[in-house]
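Please read the structure below before turning to the comments.
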Amino acid sequence: MFKCTINGHEVEVPEGASVIEAFKLLKEDIAHYCWHPGLSIAGVCRLCMVQIDDGPRLHIACNTLVKDGMKITNQTEVVKEAVRWGMDFHLINHPLDCPICDQAGECGLQEQYMKYGQYDSSMAEKKVKKRKVVDLGERVVLDSERCILCSRCVRFTDEVTKTNELGIFNRGDHSEIGTFEDQPLDNKYSLNTVDICPVGALTSKDFRFQQRVWYLKDTDSICTGCSTGCSIKVYHNKEGLFRVKPVFNEKVNGHWMCDEGRDLYKHVNAPVRLKQILKSVGNEWFPLGLERALDHLNEAFSKAENISVLITAQHTVEEYKALKNWAQQLQDKTINFVYWKNNPESFDSFDGLLIRGDKNPNTKGLLEAGFEFADASVLDSSDLVLAPMPENPAVYPKYMEKLEQLSKLQTQLCLLSVSNITQHETINFADGTLAIPMKTAFEKAGHFINHQGLTQKIHKGRVIVKAALGLDELLQAIKIGKWIQPQLLKSRKTNESSKVSGELW
Amino acid sequence: MVTVKKVQRRNLQTQSYIPSLLKGLGFTFSKMIKNLFNQDKMPTLNYPEEKYDYSPRFKGNHVLTVKKDGALRCTACMLCATNCPADCINIVASEHTDPAVEKFPIHYEIDVLRCVYCGFCEEACPVDAIRMGPEWQTAGVNGSVFNYDIKELAHRPGLKGGAVSRVDDLERHKAGI
Ligand code: SF4
Ligand code: SF4
Ligand code: SF4
Ligand code: SF4
Ligand code: FES
């Protein structure tokens, strides 16, 4: 360990740490664009200037290693002047796009400009115009005028995905980010380039112009897309959920997440949700109050001889525990648990970075809950099947086929569903089938256990469907015959997005 | 114990309002007679048949300006909506087919009943897309007409073809900005 002094504060850093890492450790402010903790060092933006031990020249903090006893500062006038001029160079050709730029509000350039800006341009030359609104494939749009050539995105495709799509073309002030012959940037992690781009040069097609970022709040959560369980932030406001971004988690995902996980918010928003309890009678659906639905369920449970639960690994540890307790209390009945694996062929696959074939966030949690699983064939002989469905049925085609089969056998189902299952085109549900709106992982608190056996917490965020219940809440309601809304959670774990934006880029 | 205070009846002091009263009445009547014989110099208007035109700087009804080609100038940056203390501006942005425009509002609505006519929207706009004009009559009969949409804000008949914004992208582009 080395001891150094930064702006008068002493700090101990491991040998080999860079000066900028020491600044970050102390949470001291330092301007920087090109340095990113998850990438190699480029040293191109020249903004992270520091003065070391009264030396005559300034150094860049990202590419200077800490030595024992170093005295480092970035508070002197010399440093500030250097940053100011660095900023001026970055802004020479920068367009006046903030009003239509999605990055505004969490833009590195805006932030440094407010701190160090010269405010009046000293350029007599015309700005160099570059390509705008360049389609970079399925998910990303490039605006090369806004690019400050920090090369983070290039290093990302070189070092993390190793797909090498992006590069810097041409020289001098004609330098431009792009792909070779405008081939699409299509790797499964492409949206990370949008996150790390410190300016609005790379924007996400999906989020483009949807919201201004200062209208959004965020909630910490865990991605439910696969068993890796990346740490994420979900951004939302009263109109719904708008985007998902990764949060640094050393043990799980590092700084990144996959593109598929970013789409997860879509099945949570109101237009596609089931919003009330519906009962199927003669191929038609009728709305039902909760009390009457519970009566109906209790009756069905007492009549049924053979009850099965068709469960997937998409629910929280708490919900499995509630399910187990509930089954134990119904001692006079046989309850069979059928564990539904969606894609047994590719279930154990792994792409070497983050994406796993197991498309469930809590497989370990389900296996550790202590159920004894029966063979799927018991479903066919059941009178009643309780089916807490996977959140996004589109990823579970076989599960839907099974429900269709069961409906053909006239098996009564109790569906707990996020999506509006009653709109399903081909399934004709048996009479007495209930569809109950279910909470998504973003609307409830609980724990998931990921593939490594790491227990991670999810926080309750914005509630989109008020009538939705968690599996545990439904079981409790069945048990006592009614449902009492719990006290609204006192501290909703919602942060002002402006606070975290600095960390994101 | 109760003390009874004797109320003084008429004396000079309590009667002294009468001269002032007569003076006031005299003023009113003299003005009336003056106006009756000099009707064209009367400062009041016979509203609503006659209307007063405020100066262009008056902060009355909002106007969305247009570009030279007649398209809406607004870029849907939402700075006006962000700055609005009454939270009465509602904008939905969308991607324009012309990459030079990029972003534009497909929906822009001001709830003028909530508006406090502070002019903060006008101040926030970076491209002179929203102004507050000299029109000030907002009376209406039906609640729904108080949500002014793009048609009302930019193309109402009173604007006679629309107000043209001072900030022109093409000119800025040519000037190398
Ligand atoms: S990148 Fe930043 S400074 Fe540049 S236009 Fe976008 S928000 Fe403005
Ligand atoms: S596109 Fe963004 S991340 Fe890539 S070099 Fe330009 S500014 Fe940096
Ligand atoms: S005048 Fe004030 S209250 Fe009215 S829309 Fe503009 S900002 Fe809002
Ligand atoms: S009127 Fe002006 S401030 Fe408001 S959204 Fe349009 S461009 Fe932005
Ligand atoms: S962060 Fe050090 S030069 Fe860019």
Side-chain angles (χ1 to χ4, degrees), chain A residues 91-107 110 120-136 139-146 173 182 200-216 237-240 242 496-498, chain B residues 64-65 67 71-109 111 114 120-131 150 165-177:
Chain A
L91 288 170
I92 285 177
N93 289 320
H94 200 78
L96 292 168
D97 267 358
C98 301
I100 51 165
C101 178
D102 264 350
Q103 192 83 358
E106 50 184 26
C107 171
Q110 280 183 331
D120 289 315
S121 168
S122 351
M123 286 298 289
E125 312 297 319
K126 289 186 174 181
K127 287 191 177 184
V128 177
K129 299 284 172 184
K130 290 181 190 167
R131 300 196 301 163
K132 292 180 87 73
V133 205
V134 184
D135 189 342
L136 272 195
R139 291 177 179 269
V140 183
V141 180
L142 165 72
D143 185 309
S144 37
E145 275 185 358
R146 295 180 199 156
D173 59 5
D182 275 348
L202 298 171
T203 47
S204 150
K205 268 193 190 166
D206 185 42
F207 183 63
R208 233 169 119 78
F209 307 155
Q210 294 301 308
Q211 284 290 324
R212 295 306 262 177
V213 292
W214 53 84
Y215 289 137
L216 297 173
N237 66 17
K238 63 178 189 300
E239 286 164 44
F242 284 93
E496 288 290 337
S497 63
S498 55
Chain B
L64 283 185
T65 61
K67 298 180 205 171
L72 216 56
R73 173 66 265 216
C74 173
T75 59
C77 68
M78 320 231 172
L79 292 188
C80 53
T82 306
N83 210 23
C84 174
D87 198 10
C88 63
I89 306 181
N90 184 1
I91 306 169
V92 180
S94 184
E95 181 122 25
H96 203 279
T97 42
D98 178 3
V101 177
E102 222 178 319
K103 192 180 179 186
F104 80 113
I106 45 169
H107 173 91
Y108 191 113
E109 203 174 72
D111 183 349
R114 288 186 66 171
F120 282 12
C121 47
E122 193 183 14
E123 271 174 50
C125 183
V127 291
D128 183 31
I130 189 165
R131 288 187 201 155
I150 293 179
S165 167
R166 280 183 291 268
V167 183
D168 187 86
D169 276 346
L170 282 176
E171 278 169 19
R172 282 209 288 193
H173 193 79
K174 271 193 212 127
I177 303 176

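To find a chain, count down the sequence lines: A is the first, B the second, and so on, and within it residues start at 1.
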Practice problem: Verify, without hydrogens or angle tests, whether A:Asp102 (side chain) and A:Thr203 (backbone) share a donor-acceptor contact under 3.5 angstrom. | Solution: no

Practice problem: Considering non-hydrogen atoms only, spot the tightest contact between A:Val213 and A:Ala104 and give its length. | Solution: CG2-O, 3.2 Å

Under a 4.5 Å heavy-atom cut-off, does chain A meet the side chain of [X], its backbone, both or neither?
| X | result |
| --- | --- |
| B:Thr82 | both |
| B:Ala175 | backbone |
| B:Ile177 | both |
| B:Pro99 | both |

Practice problem: Taking side chain to side chain contact (heavy atoms under 4.5 Å, CB included) as the test, write out the residues that go with B:Cys125, two or more places apart. | Solution: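 Listed in chain order: B:Val127, B:Ala129, B:Ile130.
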
Self-check item: Most contacts with chain B, counted as non-hydrogen pairs under 4.5 angstrom, among A:Gln211, A:Lys129, A:Lys132
Solution: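 Highest number of pairs under 4.5 Å: A:Lys129.
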
Exercise. Please flag which part of A:Asp143 lies under 4.5 Å from any non-hydrogen atom of chain B: side chain, backbone, both or neither.
Key: side chain

Practice problem: Could you tell me which portion of A:Leu96 (side chain, backbone, both or neither) has an atom closer than 4.5 angstrom to a non-hydrogen atom of chain B? | Solution: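 Interface part for A:Leu96: side chain.
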
Quiz item: Quick one: do A:Asp173 and A:Lys127 make a salt bridge, cutoff under 4.0 Å?
Solution: no

Quiz prompt | Pairs where residues 83-105 of chain B contributes a residue and the test salt bridge (charged side-chain N to carboxylate O under 4.0 Å, His left out) is met, not counting sequence neighbours | solution =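 Residue pairs with at least one partner in residues 83-105 of chain B: A:Arg146-B:Glu102, A:Arg208-B:Glu95, A:Arg208-B:Glu102.
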
Practice problem: Test A:Gln210 against A:Glu239 for side-chain contact (heavy atoms from CB on, under 4.5 Å), laying out the working first. | Solution: CA-CA 11 Å; A:Gln210 294 301 308; A:Glu239 286 164 44; over 6 Å; no

Quiz item: Which one of B:Ala76, B:Cys77, B:Ala100 has the most heavy-atom pairs closer than 4.5 Å to chain A?
Solution: B:Cys77

